[in-house]
Amino acid sequence: MSTVTENLYLLTPEFLLAALALLVFALDLVLPESRKTWLAWIGMAGLTALAIFSVRMLAGRTESLYGGLLAVDQFSLFFKVFFMGLGVFIILSSVDFVKQHLSHPGEFYGILLFSILGMNMMAQARELVTAYIALELLSFSLYVLTAYARGNPKSNEAALKYIIIGAFSTAVLLYGISMIYSVAGSTHFDALAETLSSPGQAGPVLWVGVAFLVAGLGFKLAAVPFHMWAPDVYEGAPLPVTAYLAIASKAGAAALALRLISEGLVPAREVWPHWQIILAALAAASMLVGNLVALAQRNLKRLMAYSSIGHVGYLLAGMAALNIGGGMAANGIIFYLVGYAATSLVVFAALISFFNQTGQEEIADLAGLADRQPLLAAAIAIGLFSLAGLPIFAGFTIKFYLFAAVAQGGFLWLAGLAIFSSLISLYYYLQVIRQMYIQPVPGTAPDASGHGEEPSHTASHGQAVAGHASETAAAALRTPTGMLLAVVVAGLVAVLALGVYPGPLLEAIERASQVILPGI
Amino acid sequence: MDFFTAIEQSALFLIVLAPIAGALLTMFTSRERPQDAWHFAILVSAITLALSIFIFVQYDFRAGGYQLTHIFRWLGYPLDINLSLGVDGIAAPLVLLNGIILFGGVLVAQTIKRRSRDFFVLLLALGGGVFGVFVVRDLFFLFFFYELAVLPMYLLIGVWGSSTDFGTFRRTKEYGAMKLMLFLVAGSVLIWVGILALYVQAWKAGAPTFDMSTLAEMAQRGDFSEGLQRWVFPLFMIGFGVLAGLWPFHTWSPDGHVAAPTAVSMLHAGVLMKLGAYGIIRVGMELTPAGAEAWMPVLIGLGTVNVLYGAFSAMSQGDLKYVIGYSSVSHMGYVIMGIATLHPIGVGGAVLQMFSHGIMTALMFVLVGAIYDRAHIRDINVLNGLVKRMGAATFFFAIAGLASLGLPGLSGFVAEFMVFTGAFKEYLPLAVLAVAGAAVTAVYILRLLARSFFGEADPRWAHLTDLSPVEKGVAGAFVLILIAVGVWPEPLLRVINTGVASLLKVF
């Protein structure tokens, strides 16, 4: 086989994914309106098949394509499978939502598939321009998806903000790339490292270039101070898209950043410590600002937006702790991404189910959910406890691993700050749990069983109020539909499994991170 | 392998697994028949009680050291985390204590009517977490179970607790639950940082591990510098101290007690606060001995403040649960003082006090809960003459109160006497103050007994019924334990002493 065909062969999964997306678009033209759900099933079946196919085809291979533009290795394979798996669950949780609230389901699923292709390429890119193109494929898909609720002005506003800020950050990123190219004469990640460590060339232009690069990626990750767009976009976007933004697009950007930093910055031993400080500062700012501002939120989507900014802070702390010969931080970041994704899926799937039935998305709307729909309440509560980092859930294990890695990488103070901001996050997560479990169902009398110190006559008065108000009380909700239930249950199983038995997953992660940071 | 050896080898694993698996299984009981959940929880807690008795009896005090050990591989290099199990002479009595109180708590939780299934799920998870902390030998899992024991408290108090209106101010259950949760998790922030600091140090010394036995050896070899130990120990001291009710971080405790339902108060004051003291011993003293030695004068001072502050606060309270809540703070002060003496008798007294106070305070909460369920009031200025209607409750409460003020013949006396003896050697003034604290305890306990339980019968309380058979059984068993330990503490003490002796070898 010649090099060209070999290269093409190695990209088969990507070609097939693109074909799958196009197939969904094409079928959309011929399928009658009542059968559009098929497209979702085709998308999910295709993604599942592709994930299995990728593993069978690429397991154990480490190849560099097109003179080092793309890497088909265990790192990219891990993320490919991760992204495609996430895609399946996101589609699964969108089907009902799309049917109820959105028009043009065909394009929705097709664009979603294209965005997954973008993320797959991001995990494989070893060169700045390639990375940029992959990133744009993801971003443009997300712009469209954000605007998908066409009748909803909030959705339009969000998309507009997202496009403008996205375009701005893209410009910053491109400018950074061009500056790096002007000094290094190459846009490969490893060339960046070489140039950074050669004393003659590492002038201010290169520094500014790398700074722009970091800023551009910071926008995509929604790290403080580049986070301003996130809450508005999360709030305006349709709920499944919010979930997708919070989980997948973040993981994609993190995968790219992880490889870029590991191959482009860490090997430049002399200057890496400076960038470590900068990343640590960004991390500290993200955790504190994200978690503190989350305290003041009333809308569930905005709460999740700020909370996700906080979680990006933890990821950045892990990036700051990356080091030659210490793959633990890379493991920690990937492990965190997986655990965070599983946990967030549970929360978002439950919120989507709630929204589908009530159309509400304020925190106060969840009042009494434990009585109205115990399963949803339990799922959200477990998800939030996990996000706050409590055992026996994934959140505890991933945080422990990541923070141990951060401490081991020489940033004990940052780990301490991360642990402290987890405490802050616990407060607002508990506020949501309080609404669901402690607050009465709206329209009923305050909890009649928790007899306070009041004498008995007020209790009978309370009874009367309860009897009167029960007519206006919010009705009980149904259990989630089959598809959302599947996501919730699968997510809960994953959250528990990662919480108590993460060994097998960590072995896979270890294989992935070995590629980008060899030699523990 | 016969049945007995099989149980022996896996007893520690089973005692952690049983409540947690039981909690998961309780979720599948019928929602329509809440009694099922209760019965199932009784079954599970009876199994854990049997296991805890087995573990305690099986512990060979002549051999000492860690027994019933077992290691389950969990994560390899670079973290090296394993579920390593083992009990020593300090942990074994506490395992027994938790077994007793979990069983008693589940029994009296019959009165929980609303969403009772969820209640037992959380209660069993809490019990599992507590067992876990007592039996693991790995820092990661110790912390894991520690947090697991804290996690259910928010919902247990927030959903099933009670709000109280004191006229001038209100203490809602949400307030109590949130305050408790934030205090305890703030404590665990410090603990977590301390654990990571030790791990990083172990990693630098070439053996990254969370195994506590290895870390303790490293501490003795001098791999942890004294400077490091001096700033890490206070993290553990305050972090675990929050849960132990260490002054001035105790304020969550009375508020939490007051808001919590009976079974939760029992576990909370009976064993959960002991986790804090146990953590100071197990993690603080074992892994950072030099730091512990440097900080002990501070700790004993804080412990003395605990004793006095708790006792005087209890004296000025008008609410029965607040009295007992502050009395717990005061009694935990003796535990803290005993630990800080670093003297075999003092530390032994502290561990015995943990056991004795656990039973005693659980007994008090059973009784207060029973009174509150019937009278819907806990104000000691309003309640009076309860003895006429609730004779059994009064009798049991009197014994608990006498144990609390340290009457010879009851368990509290032995424990407190040992603590004083340990403290007299080096900290004479503080020991004198602590004895004075015991006198204050006598004042508020006797006053409480005289005012609420004895005194004239009040027609308002004529409708009260005495304890139910279940409550009588639980309270009676607790009283028997108090008397047994008071009269013949030897079976407990010989186990405790082996543990304390090997703990204090490094000092």
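By convention in this document, chain letters (A, B, ...) are assigned in the order of the sequence lines, proteins followed by strands, and residues within each chain are numbered from 1.
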Toward chain A, the part of Leu83(B) with a non-hydrogen atom under 4.5 Å: neither
Residue Arg73(B) versus chain A: region with a heavy atom under 4.5 Å: neither
Tyr437(A)-Tyr154(B) aromatic ring centre distance below 6.0 Å: no
Flag side-chain contact, heavy atom, 4.5 Å: Phe335(A) against Leu402(A): no
Phe143(B) portion near chain A, given a 4.5 angstrom heavy-atom threshold: both
Selection from Ile81(B), Val200(B), Val189(B) maximising heavy-atom pairs under 4.5 Å formed with chain A: Val189(B)
Under 4.5 Å from any heavy atom of chain A - which part of Phe72(B): neither
Heavy-atom side-chain contact between Phe224(B) and Val232(B) under 4.5 Å: no
Top contributor to chain B interface from Val500(A), Leu506(A), Ile433(A) [non-hydrogen pairs under 4.5 Å]: Val500(A)
is_close_aromatic(Phe210(B), Phe141(B)), centroid dist under 6.0 Å: no
Side chain, backbone, both or neither of Ile392(A) within contact of chain B (heavy atoms, under 4.5 Å): both
Proximity breakdown for Leu155(B) and chain A, heavy-atom pairs closer than 4.5 Å: side chain
Between Gly389(A), Pro502(A), Gly416(A), the one whose heavy-atom pairs under 4.5 Å with chain B are most numerous: Pro502(A)
Pair Tyr372(B), Thr262(B): side-chain N/O donor-acceptor within cut-off below 3.5 Å: no
Tyr336(A) side chain reached by His311(A) side chain, heavy atoms, under 4.5 Å: yes
Part of Leu430(A) lying under 4.5 Å from any heavy atom of chain B: both
Worked check of side chain to side chain contact (heavy atoms under 4.5 Å, CB included) between Met153(B) and Val264(B): CA-CA 8 Å; Met153(B) 290 302 275; Val264(B) 176; 3.7 Å; yes
Region of Phe400(A) in contact with chain B, defined by heavy-atom distances below 4.5 Å: both
Min side-chain heavy-atom separation Tyr427(A)-Val185(B) under 4.5 Å: no
Which portion of Ala404(A) sits near chain B, non-hydrogen atoms under 4.5 angstrom: both
Verdict with supporting geometry, Val136(B) and Phe144(B), side chain to side chain contact (heavy atoms under 4.5 Å, CB included): CA-CA 10 Å; Val136(B) 294; Phe144(B) 179 98; over 6 Å; no
Interchain contact, Phe140(B) with chain A, by part (heavy-atom threshold 4.5 Å): both
Leading residue by heavy atom contact count with chain B [cutoff under 4.5 Å; candidates Val406(A), Ile419(A), Asp371(A)]: Ile419(A)
Most contacts with chain A, counted as non-hydrogen pairs under 4.5 angstrom, among Arg115(B), Lys204(B), Gln201(B), Met181(B): Arg115(B)
Euclidean distance, Leu303(A) CG relative to Ile363(A) CD1, rounded to 0.5 Å: 4.5 Å
